[in-house]
Structures are given as structure tokens and as C-alpha cells.
There are 2 protein chains.
Amino acid sequence: MIIVGELINASRKAIKEAIQNRDVEAVQSVARQEHEAGAHYIDVNAGIFLGEEEDYMRWLVQTVQAAVDGPCSIDTPNPKAIEAGLSVHRGTPMINSISLESDRYDRMMPLLAGTDCRIVALCMSDEGVPKTAEDRLRIADRLINGLVQNRIPLENIYVDPLVQPISVDGAFGIEFLKAIALIREKFVGVHTMCGLSNVSYGLPGRSFVNQTFMPMAIALGLDGAIVNPLDKRMMAIIIAAEALAGRDNFCMNFIKAHRAKKFEL
Amino acid sequence: MIIVGELINASRKAIKEAIQNRDVEAVQSVARQEHEAGAHYIDVNAGIFLGEEEDYMRWLVQTVQAAVDGPCSIDTPNPKAIEAGLSVHRGTPMINSISLESDRYDRMMPLLAGTDCRIVALCMSDEGVPKTAEDRLRIADRLINGLVQNRIPLENIYVDPLVQPISVDGAFGIEFLKAIALIREKFVGVHTMCGLSNVSYGLPGRSFVNQTFMPMAIALGLDGAIVNPLDKRMMAIIIAAEALAGRDNFCMNFIKAHRAKKFEL
């Protein structure tokens, strides 16, 4: 399971302030905690700073990578901010994200073509977020074809089917789960990925709902997630669910995590 | 989700003693707690008492139903104990269980034919417990056909694909999950059911593993479970998972449970 740590996002007040103050230690401390908790990529998002996003993105990537020996997930729909992040990034980043929205697609694809970046492909088009699993599959199909034609290998593509709140429509959870299964069945080698907290929007007890949804998505084949890696219960659930889904040889990772007391919650 | 409360089982020491002492209050107290916690059926099992099982089964059914306004799950492979339980049961019980083991099948089917009992059908044959999802489907196919030919409606059949420990073979969890999906796809109207705790046999932190497996099984379509209904976290997970699986109109059951503080764990 690929874990993308979601905490360095300027929509969070503490991070917004840290970025504005160019507070290296504050940003690096979060990055280190995420990395140590098991994040494979540290997401960096400065999207709220219109006009300054490129500068801030460059600074975030450099600041994070000075503290953590690992890649970033460059999180923005803004091609200029992606270029800025890429210009200083060491190693292979994740790009979060391209979509089928025509403006975003047309401006983003030339930046990505032929690179070895890991690319999050959002199932969203000019018509918005699809409702059914089949609609998601159609959008994924076009995105994957476009990326492959631009020399992105299948295994570098992470399709995010985009989950919507079950408080809005009770079928939204299951349509998302079906989409995961369909995408994995049709495009062998492609990964799936999501930030699943949207599923619980409008409900009480959101973190419990999110923690329950994670193993459901893993059961259908989800193999990447944008989460708070400091949520110990969520991380323990992911480890257990992976063993249950047959993705942990001899349950070694589970047993190691248990010995490391990761299940003492 | 059909919940079968598993606690009144003579393999548990306190229940064994309560049965031997004909301790009405002890048995009824557990039955009441299970019922109040949401069990739709109260499982009764006196299987350890060879030679006395019939008497004890009769007593257990009467004792439980004197305390609880609901049906029992008569849990035994012994046809005589089933007859004894049925002779005193009010309403429509669950019978747990028939299997494709030839001796059990041949002696059990005449008792069940033409009744409106809910019937748990274990995916087990004379060759033992199957390993793959497809093997489970083949056994389910023969069991369901046999039951339908004996005038059991599809919707009264609860197929238990039988989960085996992931500590023995890492694929056992996912093969079970696939079996649930295959059975539901092929036999529309048939229910699936399981006691899933076997999945974690041989691992540390078993209840955490079981709690993680439940939403995975629900995601694939499991709609019945033999569980400890006094496990508050497990019951809360089931309620959340059902809402996430689109089986809770307007999330009303989830919201009601939240108001009743069932998510304060």
C-alpha cells in the first residue's frame, strides 16, 4: 500500500502559518513525523496562496526533502506550481493530480509526458464528478489512454475514482468501491488511490466512518491512500487489512507491526 | 445485516457450567444482553455434551425464548438435537447448519425439507474445507440446489463460505471474500453468513484483525454474521460498514446509533 501523508497542506491553519513565516522547523517536523509513521510520499499543497503558490511549492519541496529522505507528492492543479516543484525535487515525485477537465488536462499533460513521475489521475471531467462506477470507468479509460499515449507506464498511474459523501446519496460509497474493482480488473497494473475522508462528509463520527471505509476499499483492491499517517488506528487498520487481503507474505509486516506495538491503540 | 449472537455456546466455560447446573438466570441474562445489543437470532449450542445434547438443546431453546422475544439459531450438526430444538421452538428458527458432508447432508435434509427455517449452509464437503473461491462456489451450488429441490426458498438460505486462517495461507482471506461476491452474483436472493473469527487464528491481536475483516466482508456483500454482539466496537463497525455499503437508507440507522452513543467506544 502506497501511503501519501496529507498533513502539509496550507488549508490547515498551522501549515498555512508555517508557510507564511517560512518556518522551516515547523514544516520539517511534520514531514519527519509523517515519514516515520510510514508515509511513502509527503504531500505538499500550497494551493490557497494565489499568486505565490509557485514560490511556496518550491520552498516546500526543498524544505521537506532537506528533512526527509523520500519523495514528495506535488499537490496542485496549477501547472506552474508543478513545474516549480519539479525543478527542485530530487528523485521521483508523485504528481497530484491530472484530471479529464479539459483545461487542466491540456496544460498538465505536456509537463508529465515521458517522465517517470507517479501520476494521480482524478476521475473528474468537465461534467464534474461522476456518479456511477461505470461513469468513473469511462473517465479512467480516457485518462489512462491519454497518459499511456504520452509515454507514462501503466504502473506509474494512480487512478483516484473520487468518493462522494454517503450522506448525500447512500449509493456513493458502493459506487466508488465498484469503480476500484472495475478499474483494477480492466487495467491490470494500474494502481488506485484516494483520499477517502470525503465519504463521511455530513455525518457525525467521521474518523470512525473513514476507518471503517478503508478496509472496504482495500478489499476491493485499493492500493494507495492519501491519509493522515499520524492516525495510529487508521495505519493499524491498513496493516491488518493488507494482511487480510493477501498482500502481506506470511503476515510478516503485520507481525512486525504488532511487535512494534502499533496495535496498542 | 442479520446478527446471530454467538455467546450461548457450551464450549465457553461459563455457559457449560450454566447448562450443567440448569442455571436459568445465567443463560437468560446472556440471551437478554445479546438481544438488547442487536442480535436477531440467539445461537444455542450444547455440542460438547455427547449423549445429553438433545435434552440440553430443548432446555436451552425454552430457557432463551422465555426471556427473549425472538428466534434461536439451533447450532448443531446432530439431527436429533435439531429435532429436539425444533420441537419446542416458537417462531422461525435458524438452523446452523447443513453442509455437503454426505452423512450430515443425508440426515439433515429430511428435517429441513419444506420448512420455513432459515438455514446456514456450510461450504464443506467430504473433502473438507475448500481452498479457493471457485471450490466454495461449486459446493454452494450443490447445497443451494439440494435445498431448493427440498422446497427451501432461496431467501431462507445463508451460505457460509467458511473462512480459514490467513496465518496458514495468506490467500485464505481474499479467497473467502471472492467467494462471498461469487455466491451473491450467481445466486441472487441467497444470503451469506459467517463466523469470521477463524480468519485471525494463530495471529496476535485477534479481535482487531476480526474487526478489520468485517467491513471487508460487508464490502463484498456479506449480509449475515455470527458474532459476539456485546463487542461494541464490532457492532459499531457493522453499522458504519452497512451505511458505507449503501444498505442504510439516508444513513438513518447509523445516525440513530450515533445518537444512542454506540460510537463512544
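In what follows, chains carry the letters A, B, and so on, assigned in the order in which the sequence lines appear, proteins first and then strands, with residues in each chain numbered from 1.
- M216(B) CE to I237(A) CD1: the interatomic distance, rounded to the nearest 0.5 Å, is 11.0 Å.
- For a residue to count as touching a neighbouring chain, one of its non-hydrogen atoms must lie under 4.5 Å from one of that chain's; by this rule F213(B) touches chain A with backbone and side chain alike.
- Between chain A and the options A241(B), P204(B), G205(B), heavy-atom pairs under 4.5 Å are most frequent for P204(B).
- The contact between F254(B) and chain A is made entirely by side chain atoms (from C-beta outward), counting heavy-atom distances below 4.5 Å.
- Counted within 6.0 Å of CZ on R32(A), heavy atoms from surrounding residues, nucleotides or ligands total more than 12; the atom is thus considered enclosed.
- Counting heavy-atom pairs under 4.5 Å between each of L265(A), L177(A), L203(A) and chain B puts L203(A) at the top.
- For chain A, the option among N249(B), I255(B), V209(B) with the highest count of heavy-atom pairs below 4.5 Å is V209(B).
- Comparing A181(B), A171(B), A243(B) by how many heavy-atom pairs each has under 4.5 Å with chain A, the most go to A243(B).
- Contact count versus chain B (heavy atoms, under 4.5 Å) is highest, among G173(A), A217(A), G246(A), A245(A), for A245(A).
- Here the shortest heavy-atom pairing between L220(A) and A219(B) reads CD2-CB, 3.8 Å.
- Taking CG from D248(A) and CD1 from I166(B), the interatomic distance works out to 7.5 Å, rounded to the nearest 0.5 Å.
- When each of F172(A), F176(A), F208(A) is scored by its heavy-atom pairs under 4.5 Å with chain B, the top score falls to F208(A).
- Contact count versus chain B (heavy atoms, under 4.5 Å) is highest, among S200(A), G170(A), P215(A), A240(A), for P215(A).
- Proximity to chain A involves both the backbone and the side chain of A236(B), based on heavy atoms less than 4.5 angstrom apart.
- Once rounded to the nearest 0.5 Å, the distance linking CG of D169(B) with SG of C251(A) reads 9.5 Å.
- To the nearest 0.5 angstrom, M214(A) atom CE is 12.0 Å from L244(B) atom CG.
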